[in-house]
**Student:** 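Here's a structure for you.
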Amino acid sequence: MSANHLQVALAQIAPIWLNKLQTLELVKSCMTDASKKRSELIVFGEGLVPGYPWWLSITHASAWDDRMQKEIFAHYARQAVQIESGDLEEIQALAKQLQLAVYLGIIERPQDRGGHSLYCSLVYIDAQGRIQSVHRKLQPTYDERLAWAPGDGHGLQVHSLKDFTVGGLNCWENWMPLARTALYGLGENLHVAVWPGAVRNTELITRMIAQEGRSFVISVSSLMRQSDFPADTPHLGEILKNCPEVLANGGSCIAGPDGKWVLEPRADFEGLLFAELDFNRVLEERQNFDPVGHYSRPDILELSVNRQRQHSVKEMNKD
């Protein structure tokens with residue numbers, strides 16, 4: 001396939017909730033299936049491995065010093081991804097084998113922040129199996145702050161993929177104008193937005209970002225239903241007391257650089273969705289508007305971005 005065409009796969013699936021190893025196996029299965037359709041990029045939803053913290057909004061998670069909340073969080077933390085320990089090595093090896101780039105949403109427990117706090121991270125693995133960026137969500141939303149710590153700008157990066165330049169953000173980060181602008185300024189023309197799930201999140205903003213950036217926008221949401229909670233989930237009975245039948249119904253979609261649907265939001269479907277993107281469409285729409293090119297005024301408006309990875313402890317020179 002020519003460099004200006006890209007085959008993409010959207011993995012709208014439910015995790016094996018709070019089971020890191022089994023969910024990673026599910027990710028590998030989706031990658032293999034996507035490769036059979038000649039996909040060159042596959043995108044998974046926010047925090048898919050090991051899953052979104054659905055219990056927070058339905059179990060009074062803000063209760064102080066509550067034993068149940070502590071026990072659920074500890075279980076969540078034990079199942080979180082530790083990249084430094086090699087948790088993603090099999091995904092990387094498979095990406096290289098299949099020549100398939102991957103955007104994967106994870107819950108990360110990084111050693112460079114002490115190894116106990118959790119971050120909602122979006123990992124980009126290139127088609128050679130190399131982790132090129134780990135973007136920790138800048139601002140967890142509402143009750144997410146009871147489980148996730150705020151990230152930093154280190155992962156506000158873009159990556160070359162054939163003729164495209166791809167970047168990504170987690171969920172409501174996509175509503176942050178300066179976060180979007182940081183990626184636009186690096187040349188992004190294929191934007192990846194990952195979500196825990198629900199058409200209400202994707203049906204408006206996907207087209208808006210596409211029109212603003214004159215870029216392709218891929219939104220990928222996960223699924224979550226009552227039946228997706230494993231039987232061994234800590235305090236499952238309490239979680240299910242106020243749990244709706246469907247917590248996340250999908251809504252994965254793609255908008256083109258003109259803001260029109262390439263793939264309309266798809267709800268209540270579990271599996272892979274496919275599309276082919278034509279880079280020339282980006283150039284056509286940039287003819288009349290380019291937010292960081294001919295339609296910008298850097299002499300008046302300028303964005304400063306701190307891309308340093310934040311560490312809890314920095315070693316100073318002993319000299």
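Numbering starts at 1 and runs along the sequence shown.
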**Student:** Does either side chain, that of Glu276 or that of Gln7, offer a donor lying less than 3.5 Å from an acceptor on the other one?
**Tutor:**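 Checked: Glu276/Gln7 side chains pair up, N/O donor to acceptor below 3.5 Å.
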**Student:** List, by chain and then residue number, the residues other than Val292 in its hydrophobic cluster (Ile/Leu/Val/Met/Phe/Trp/Tyr, side-chain heavy atoms under 4.5 Å); write none if there are no others.
**Tutor:** Trp172, Trp175, Tyr184, Trp195, Ile205, Met208, Ile209, Val217
**Student:** Would you mind reporting whether Ser252 and Thr202 have side-chain heavy atoms less than 4.5 Å apart?
**Tutor:**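 Not touching, per the 4.5 Å side-chain cut-off.
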**Student:** Would you check if Met176 and Leu138 make a side-chain contact, meaning some heavy-atom pair closer than 4.5 Å?
**Tutor:**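 Result yes, sub-4.5 Å side-chain heavy-atom pair found.
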**Student:** Output the rest of the hydrophobic cluster of Leu204: all Ile, Leu, Val, Met, Phe, Trp and Tyr residues reachable through side-chain heavy-atom contacts under 4.5 Å, sorted by chain and number.
**Tutor:** none
**Student:** State yes or no: do Val8 and Ile42 share one hydrophobic cluster built from I, L, V, M, F, W and Y residues joined by side-chain heavy-atom distances below 4.5 Å, directly or via other members?
**Tutor:** no
**Student:** Can you pull out every salt bridge (charged side-chain N to carboxylate O under 4.0 Å, His left out) where at least one residue sits in residues 78-87? Sequence neighbours excluded, please.
**Tutor:** Lys20-Asp87
**Student:** Can you check whether Leu183 reaches His191 side chain to side chain, under 4.5 Å on heavy atoms?
**Tutor:**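 Leu183 vs His191: side chains touch.
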**Student:** Quick one: which of Lys137, Arg136, Gln308, Arg309 gives a side chain to side chain donor-acceptor pair (under 3.5 Å) with Asp152?
**Tutor:**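 The passing option is Arg309.
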**Student:** Evaluate the salt bridge (Lys or Arg N to Asp or Glu O under 4.0 Å) criterion for residues Asp228 and Arg225: first the C-alpha distance (whole Å), next the side-chain angles of each, then the deciding distance (0.1 Å), finally the verdict.
**Tutor:** CA-CA 5 Å; Asp228 292 316; Arg225 299 143 299 206; 2.7 Å; yes
**Student:** Of His135, Glu46, Glu108, which is the lone residue that meets side chain to side chain contact (heavy atoms under 4.5 Å, CB included) with Ser121?
**Tutor:** Glu108
**Student:** Would you list the pairs meeting salt bridge (charged side-chain N to carboxylate O under 4.0 Å, His left out) in which at least one residue belongs to residues 191-201, sequence neighbours left out?
**Tutor:**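 Listed once each, the pairs would be none.
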**Student:** List the atom pairs, donor and acceptor, that lie under 3.5 Å between side-chain atoms in residues 91-99 and the rest of the protein, sequence neighbours left out.
**Tutor:**
| unit_1 | atom_1 | unit_2 | atom_2 | d |
| --- | --- | --- | --- | --- |
| Gln92 | NE2 | Gly129 | O | 2.9 |
| Gln99 | NE2 | Lys96 | O | 3.0 |
| Gln99 | NE2 | Ala127 | O | 3.0 |

**Student:** Could you state the interatomic distance from CZ (Arg109) to NE2 (His116), rounded to the nearest 0.5 Å?
**Tutor:**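 So the CZ of Arg109 and the NE2 of His116 are separated by 7.0 Å.
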**Student:** Which Ile, Leu, Val, Met, Phe, Trp or Tyr residues join Trp17 in one cluster when any pair of side-chain heavy atoms under 4.5 Å counts as a link?
**Tutor:** Leu18, Tyr52, Trp54, Trp55, Leu56, Ile58, Met68, Ile72, Phe73, Tyr76, Ile107, Leu118, Leu146, Trp148, Met224, Phe229, Leu236, Ile239, Leu240, Leu247
**Student:** Going only through I, L, V, M, F, W and Y residues with side-chain contacts under 4.5 Å, is there a path from Phe279 to Leu263?
**Tutor:** yes
**Student:** Compute whether any side-chain donor of one residue and acceptor of the other, for Thr59 and Gln69, lie under 3.5 angstrom apart.
**Tutor:**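 Distance-only check passes for Thr59 and Gln69.
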**Student:** For atom OH of Tyr295, is the number of surrounding heavy atoms from other residues, nucleotides or ligands below 6.0 Å larger than 12?
**Tutor:** no
**Student:** May I ask you to decide if Asn19's main-chain N or O and Thr23's side chain share a donor-acceptor pair within less than 3.5 Å?
**Tutor:** yes
**Student:** Under 3.5 Å, is there a donor-acceptor pair linking the side chains of Thr206 and Ser219?
**Tutor:** yes
**Student:** Going only through I, L, V, M, F, W and Y residues with side-chain contacts under 4.5 Å, is there a path from Val134 to Leu169?
**Tutor:**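 No, it is not one cluster - the side chains of Val134 and Leu169 are not joined through contacts under 4.5 Å.
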**Student:** Within a strict 4.5 Å, meaning less than it, do heavy atoms of the Phe44 and Val102 side chains meet?
**Tutor:**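 In short, these two side chains touch, coming nearer than 4.5 Å.
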**Student:** Using a 3.5 Å distance criterion without hydrogens, assess whether the side chain of Gln211 forms a donor-acceptor pair with backbone atoms of Pro257.
**Tutor:**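 Not a single qualifying donor-acceptor pair exists.
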**Student:** In this structure, would Leu100 and Val49 fall into the same cluster of hydrophobic residues linked by side-chain contacts under 4.5 Å?
**Tutor:**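 Cluster IDs for Leu100 and Val49 match.
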**Student:** If we count only N and O atoms by modelled type, under 3.5 Å, do the side chains of His235 and Glu71 hold a donor and an acceptor together?
**Tutor:**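 The answer is yes; a qualifying pair exists.
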